[in-house]
Amino acid sequence: MILAVSATACGFSVSGGTGGDGGTDAPVIDAPAGDDGPLDPDAMTGPKRRVKLTFQNGTRNLALDNFVALVVLDPQRVSYAAITANGANLRFTDPDGTVLDHQIDEWNAGGISTIWVRVPMIDASSNTDFIYLHYGDPALSDNQDPAGVWAGHTAVWHLSQDPGPGGSGDIRDSAGTNHGTASSGMQSSDLVAGVIGRGLQFAGNGTGVTATALAMTTYTWSMWVRGTTAPAVASSNKEPINNGDVTFNFSWDHSMAAFVGAAAQRDATMWHSVAPAVLAANTWYYLAGTYDGTNLCSYEDGNAGTCTASGAPLAPNGAFLIGSAASGAATFSGNLDEIRVSTTAFSRLRLEAEHVNQRAANANPFVVFSAPEVEP
C-alpha cells in the first residue's frame, strides 16, 4: 500500500448546526448513544487517543476495494477538546499504521461532524475488518486530500456549500474542478438539513445548479433525493440530475409515463429508461443508475435493480444540471444531497454498502466505534 499524505489544507464546510426544511422526514444523522455503550472521551488522560472503527460487511459476499466510508463524529465518540481547530490533527490509518486519505465534509466542533475516508480494502463477509481514527497530537497540521479520497470518481458534489448571493456561489466538486454555479434565484436558506449533514432544496421555480457535462461510455451516478410530490406524468420534465440530457438523466416528473421516476439515456437508435420501485412524496431515497456498456440499470436504496439493454450513450449535448431540466420548462421541487458520478459501473452489493453507510447512523451502522483509548 502506498503512503498518501498531502500537506495541503483543503476546503470544507464549518457548521454551527443544520437548519430544518419544513418538516422533512430525512434520516438526518444524529448523535448516537455510543456503539459500545456510553463513552466518556473527556475523562481520559494523555493527549493522544485512537478509536477503532470496525466495518460491518458480513452480509455481503463482496470485498469493497477503495471504499469511501462515511465516519460521523460527535461528543460521545471523541473528545473535541483534544482536536485542533477544524479537525486539523485527525488522522486515519490501517492497522499497520499506513495513513489513509480523508476529507472533512462538515465540521461542527462539539456537535456532529462528517468525514469521508478512503479504505483500500474491506474484506468480504466480514464484521471484523477495521481502521483507526487518531486525534489529540497538537503538533499535527491539516493533511486532508480530497483528490486522493475520490480518485476514480469523475465528480462528487456534497452540496454542503451556501448557494445564495451571500455565499461563495460555488457548489464544490470534491473529486476535481467541475464546480457547479448556483442560479441567481437560489438563496442561503436553500442550504438545509440533508441526509449527510446539509444538502440543497429546490423550490421548482427555475432555480438550479450548472456544471460542465461529462462525456462517459460507462458510469455510475448516485444521489439522495426527496421530492415534494410523488413522481407523475406532467406537461414538462423535472429532473434532479441531467448530464447533457442524452448521456444520462433522472426524471422525477415527465411528459411520458415510461420516463416518470426513471433513469434514462439515449443511444444511437433510441431512448432507454428504467424505473426503480414506486417513489413517494416527502421521503428520502438513495437512487443510483449504472451503465456497463451493455445494460442500463437503476437501483433504489441498494435493492435489486431494474435493467434494460442499451447501446452506448450519446455524447452530452448540454451542461450538467442539478435540480433543473435541459428543456428549462420546469425545475425539480424537493431536496438533494451527495451527488456522485464515476466511470465504473458499480455492482448492486457495492451500492447497498454505500446506502447502509450513508443512511442514519443509528440504524444498523456500517461503521462501529469502539471506546477511545490512549495512543500506545
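Numbering of residues begins at 1 and proceeds along the displayed sequence.
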Student: Is there a donor-acceptor pair under 3.5 Å between the side chain of N57 and the backbone N or O of D123?
Tutor: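 Pair found, side chain donor or acceptor close to backbone of D123.
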Student: Is the closest side-chain heavy-atom distance between I115 and L73 below 4.5 Å?
Tutor: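 In contact.
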Student: Is a side-chain donor or acceptor of S113 paired with a backbone partner of N108 at a separation under 3.5 angstrom?
Tutor: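 Checked: pair present.
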Student: So, does T343 use its side chain to make a donor-acceptor pair with the main chain of Y219 at under 3.5 Å?
Tutor: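 Here the side-chain-to-backbone pair does not exist.
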Student: Which pairs count as ring pair (Phe, Tyr, Trp, His ring centres under 6.0 Å) when at least one residue sits in residues 308-345, sequence neighbours excluded?
Tutor: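 Only W157-F320, W252-F332 qualify under ring pair (Phe, Tyr, Trp, His ring centres under 6.0 Å).
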Student: Any ring pair (Phe, Tyr, Trp, His ring centres under 6.0 Å) involving residues 181-206? Give me the pairs, sequence neighbours left out, ordered by first then second residue.
Tutor: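 Qualifying pairs, neighbours excluded: none.
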Student: Dump the intermediate steps for side-chain hydrogen bond (donor to acceptor under 3.5 Å, both in side chains) on T228 and S333, then the final yes or no.
Tutor: CA-CA 6 Å; T228 304; S333 175; 2.9 Å; yes
Student: Using the ring pair (Phe, Tyr, Trp, His ring centres under 6.0 Å) rule, take F130 and F55 through it: C-alpha gap first, then chi angles, then the decisive distance, then the call.
Tutor: CA-CA 6 Å; F130 67 93; F55 301 108; 9.0 Å; no
Student: Any heavy-atom pair between the side chains of E338 and H158 that's under 4.5 Å?
Tutor: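 They are in side-chain contact.
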Student: Excluding sequence neighbours, so at least two apart, what forms ring-ring contact (aromatic ring centres under 6.0 Å, His included) with F67?
Tutor: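 F366.
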Student: Which is it for T93 and T98 under the side chain to side chain contact (heavy atoms under 4.5 Å, CB included) test, yes or no, and what are the steps along the way?
Tutor: CA-CA 5 Å; T93 68; T98 301; 5.9 Å; no
Student: For the pair S183 (side chain) and G208 (backbone), establish whether a donor and an acceptor sit closer than 3.5 Å, ignoring hydrogens and angles.
Tutor: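 Looks like yes, one N/O pair under 3.5 Å.
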Student: Is D105 reaching over with its side chain to a backbone N or O of G197, donor-acceptor style, under 3.5 angstrom?
Tutor: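 No, because the side chain of D105 does not come within donor-acceptor range (under 3.5 Å) of the backbone of G197.
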Student: For T84, run the side-chain contact (heavy atoms from CB on, under 4.5 Å) check against N89, L90, D137 and tell me which one passes.
Tutor: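 It is N89, the one option of N89, L90, D137 that forms the side-chain contact (heavy atoms from CB on, under 4.5 Å) with T84.
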Student: side-chain contact (heavy atoms from CB on, under 4.5 Å) with A264: which residues, sequence neighbours excluded?
Tutor: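 Scan of A264 (side-chain contact (heavy atoms from CB on, under 4.5 Å), adjacent residues dropped) gives N249, F259, W271, S273.
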Student: Under the disulfide bond (SG atoms under 2.5 Å apart) rule, what pairs show up with a residue in residues 60-119, not counting sequence neighbours?
Tutor: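 Matches after skipping sequence neighbours: none remain.
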Student: Is there a side-chain contact between P163 and L200 (heavy atoms, below 4.5 Å)?
Tutor: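 A side-chain contact exists here, since the closest heavy-atom pair is under 4.5 Å.
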Student: Does any pair with a residue in residues 234-277 pass disulfide bond (SG atoms under 2.5 Å apart), and if so which ones, sequence neighbours excluded?
Tutor: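 Every pair satisfying disulfide bond (SG atoms under 2.5 Å apart) with a residue in residues 234-277: there are none.
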Student: Report yes or no: does D170 contribute a side-chain atom to a donor-acceptor pair with the main-chain N or O of R172 at less than 3.5 Å?
Tutor: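 Pair absent, no side-chain N/O of D170 close to backbone of R172.
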Student: Look at the side-chain heavy atoms of Ile, Leu, Val, Met, Phe, Trp and Tyr, link any pair under 4.5 Å apart, and say whether V246 and V341 land in one connected group.
Tutor: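 They do not share one cluster, since no chain of ILVMFWY contacts under 4.5 Å joins V246 to V341.
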Student: Taking the side chain as every heavy atom from C-beta outward, state whether V119 and L64 have any atom pair closer than 4.5 Å.
Tutor: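 Answer no - side chains too far apart.
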Student: Hey, any chance V356 and L62 share a hydrophobic cluster, counting ILVMFWY side chains that come within less than 4.5 Å of each other, even indirectly?
Tutor: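 Same hydrophobic cluster.
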Student: Between R350 and D65, is there a donor-acceptor pair closer than 3.5 Å when you use the side chain of the first and the backbone of the second?
Tutor: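 Here the side-chain-to-backbone pair exists.
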Student: Can you list the other members of the hydrophobic cluster that holds V260, where links are side-chain heavy atoms under 4.5 angstrom apart?
Tutor: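 Listed partners: V233.
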Student: Which pairs count as disulfide bond (SG atoms under 2.5 Å apart) when at least one residue sits in residues 211-240, sequence neighbours excluded?
Tutor: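 Non-adjacent pairs meeting disulfide bond (SG atoms under 2.5 Å apart): zero.
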Student: H179: what forms a ring-ring contact (aromatic ring centres under 6.0 Å, His included) with it, not counting sequence neighbours?
Tutor: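 Partners of H179 by the ring-ring contact (aromatic ring centres under 6.0 Å, His included) criterion come out as none, since no residue qualifies.
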Student: Whether the side chain of Y80 engages the backbone of G111 through a donor-acceptor N/O pair (distance < 3.5 Å, no angle test) should be reported.
Tutor: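 Yes, the answer is positive, given that a donor and an acceptor are paired below the 3.5 Å cut-off.
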Student: Would you say the side chain of K52 lies within less than 4.5 Å of the side chain of E373, judging by non-hydrogen atoms?
Tutor: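 With C-beta onward as the side chain, the pair stays apart.
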Student: For H355 together with W224, are the ring centres under 6.0 Å from each other?
Tutor: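 Close enough - the centres of the two rings lie under 6.0 Å apart.
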Student: Listed by chain and number, what are the side chain to side chain donor-acceptor pair (under 3.5 Å) partners of R118, not counting sequence neighbours?
Tutor: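 R118 satisfies side chain to side chain donor-acceptor pair (under 3.5 Å) with no other residue.
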Student: Indicate, with yes or no, if V117 and L140 share a hydrophobic cluster defined by side-chain heavy-atom contacts under 4.5 Å among Ile, Leu, Val, Met, Phe, Trp and Tyr.
Tutor: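 No, separate clusters.
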Student: What verdict does the side-chain hydrogen bond (donor to acceptor under 3.5 Å, both in side chains) test give for S222 and E354, after you've listed the backbone C-alpha separation in whole Å, the side-chain angles of each residue and the deciding distance to 0.1 Å?
Tutor: CA-CA 10 Å; S222 63; E354 292 191 352; 4.5 Å; no
Student: Looking at residues at least two apart in the chain, or sitting in another chain, which of them share a ring-ring contact (aromatic ring centres under 6.0 Å, His included) with F92?
Tutor: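 Scan of F92 (ring-ring contact (aromatic ring centres under 6.0 Å, His included), adjacent residues dropped) gives H102.
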Student: Find out whether S324 and E239 are in side-chain contact, i.e. whether some heavy atom of one side chain is under 4.5 Å from a heavy atom of the other.
Tutor: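 They are not in side-chain contact.
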Student: The test is side chain to side chain contact (heavy atoms under 4.5 Å, CB included); show your working for V78 and L133 and say whether it passes.
Tutor: CA-CA 10 Å; V78 296; L133 158 65; 3.8 Å; yes
Student: When clusters are formed by joining ILVMFWY residues with side-chain heavy atoms under 4.5 Å apart, either directly or through shared neighbours, do M186 and L321 land in the same one?
Tutor: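 Shared cluster, no.
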Student: Tell me if a side-chain donor or acceptor on T218 pairs with a main-chain N or O of D292 at a distance below 3.5 Å.
Tutor: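 Between the backbone of D292 and the side chain of T218 there is no qualifying donor-acceptor contact (under 3.5 Å).
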Student: Are L214 and N178 packed together at the side-chain level, in the sense that at least one heavy-atom pair is separated by less than 4.5 angstrom?
Tutor: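 Heavy-atom side-chain distance check passes, below 4.5 Å.
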Student: Looking only at heavy atoms, what is the nearest atom pair of S342 and G152, with distance?
Tutor: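 Scanning both residues completely, I find the closest heavy atoms to be OG-O, 3.2 Å.
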Student: Pair up each side-chain donor or acceptor in residues 297-305 with any protein partner under 3.5 Å, not counting sequence neighbours, and list the distances.
Tutor:
from : atom 1 : to   : atom 2 : distance (Å)
E300 : OE1    : A277 : N      : 3.3
D301 : OD1    : Y286 : N      : 2.8
N303 : ND2    : E300 : O      : 3.2

Student: I'd like to know if the side chain of Y291 and the backbone of G293 have a donor-acceptor N/O pair within less than 3.5 Å.
Tutor: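 Judged by distance alone, yes, a pair lies under 3.5 Å.
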Student: If you define the side chain from C-beta out and look only at heavy atoms, does anything of S310 sit under 4.5 Å from N295?
Tutor: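 The answer is no; the side chains never approach within 4.5 Å.
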Student: Might you work through the side chain to side chain contact (heavy atoms under 4.5 Å, CB included) test for R198 and L159, ending with a clear yes or no?
Tutor: CA-CA 7 Å; R198 298 173 296 177; L159 306 185; over 6 Å; no
Student: Going by an N to O cut-off under 4.0 Å, is there a salt bridge joining E375 and R49?
Tutor: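 Looking at R49 together with E375, the answer is no, because their closest N to O distance does not fall below 4.0 Å.
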Student: Please evaluate residues S79 and Y135 with respect to the criterion side chain to side chain contact (heavy atoms under 4.5 Å, CB included), reporting the C-alpha separation (whole Å), side-chain torsions for both, the decisive distance (0.1 Å), and the verdict.
Tutor: CA-CA 9 Å; S79 172; Y135 66 95; 4.1 Å; yes
Student: If hydrophobic clusters are built by linking Ile, Leu, Val, Met, Phe, Trp and Tyr wherever their side-chain heavy atoms come under 4.5 Å apart, do Y285 and F248 end up in the same one?
Tutor: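 Same cluster.
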